[in-house]
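In listed order, ligands and their atoms are each counted from 1. Residue numbers start at 1 and run along the sequence shown.
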Amino acid sequence: MSDAQPASLEAKSPYELRVHLGDGLPEQSVRDALATGDMGFLHSYTTGSTVDGPGVRVVAWTTGCMWRCQYCHNPDTWTMTNGIPVSVTRAVEELKKYQHGLKIMAGGFTLSGGEPLVQHRFAAKLLAAAKSLRIHTTIETNGFYGDKLSDAELDTIDLVMLGLKTWDPARHRALTGQDVAPTIAFARRLAARRKPIWIRFVLVPGLTDDLDDLARTAEFAAGLGNVERVEVLPFHQLGRFKWERLGLDYPLRATAAPSPALIERALTVLHTAGLKAF
Ligand code: SF4
């Protein structure tokens, strides 16, 4: 199968709005891609990232997500066929270009999204290929489909960056549209396998800034024993234009970024639980 629009695979940043790039692909091809993982849908590749795992990273951003986070800054990645259809062979060839540079810079490859495990067969193949190139591998995931990866597939992943939003089930459903239980179960499975986790926590005033709730999340995370750090990501409005351009009703259009004092308070809660947090 040939890839469509190969010229636009690399992006300056994931904030580029991309839509309809996979439209027109026969439905059967989409089903085959999901079943075999021989082809996947990518929003883009970016290079030189220093915020998506250790060292300098090449990041592949997949399309498709089963959550609808109120603060999502990339809603164009929700729909899988907004991405570019890319064969796994081509995706690996792209990665090979950076193989030596990534080793020199102690970096690696990060598969992010969207939610990469919506395309779990493609994700498994791409991560295994990166591992066989001896490239450090990271997946950034919400963990909801963590059970789709076998233990052997998990072994090809060096680091999991897990988006843990809140401990409270009702709050989680309101925030993301989905249950928190699968994410918790995946975190426990990673702990049992001693797989390193970095947690990403988006701090949104009025939404995720309940410090009692954060304390319970922190207690859980600290108890796992494999959480190496928690990154507190202050909410921002960089994704607002995407909601507007896509004709979506953005619930956080009037929400401000958290104050430095609120960020400090959140960090204190995490430190108190014994976590490294930044
Ligand atoms: S899990 Fe990530 S991509 Fe999916 S809706 Fe939430 S923030 Fe957006």
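A donor-acceptor contact closer than 3.5 angstrom links the side chains of Glu228 and Trp198. With no hydrogens or angles considered, a side-chain donor-acceptor pair links Arg57 and His136 at under 3.5 Å.
Within the 4.0 Å heavy-atom shell around ligand 1 one finds Asn142. For the pair Gly114 and ligand 1, a heavy-atom separation below 4.0 Å is found.
In terms of protein heavy-atom proximity, atom 8 (Fe) of ligand 1 is closest to Cys72 SG, 2.3 Å. The nearest protein atom to atom 6 (Fe) of ligand 1, hydrogens excluded, is given as Cys69 SG, 2.4 Å; this is a heavy-atom distance.
Between Phe220 and Trp167, the ring-plane angle classifies as tilted under the 30° and 60° cut-offs.
Atoms of ligand 1 found under 4.0 Å from any heavy atom of Trp67, numbered from 1 in the order shown, are 1 (S), 5 (S).
The cationic group of Lys125 does not satisfy the cation-pi geometry with Phe122, failing either the under 6.0 Å distance to the six-membered ring centre or the 45° limit from the ring axis.
Electrostatic pairing of Asp155 and Arg193 counts as a salt bridge here, judged by a charged N lying under 4.0 Å from a carboxylate O.
Residue contacts to atom 4 (Fe) of ligand 1: Cys65 brings an N, O or S atom closer than 2.8 Å.
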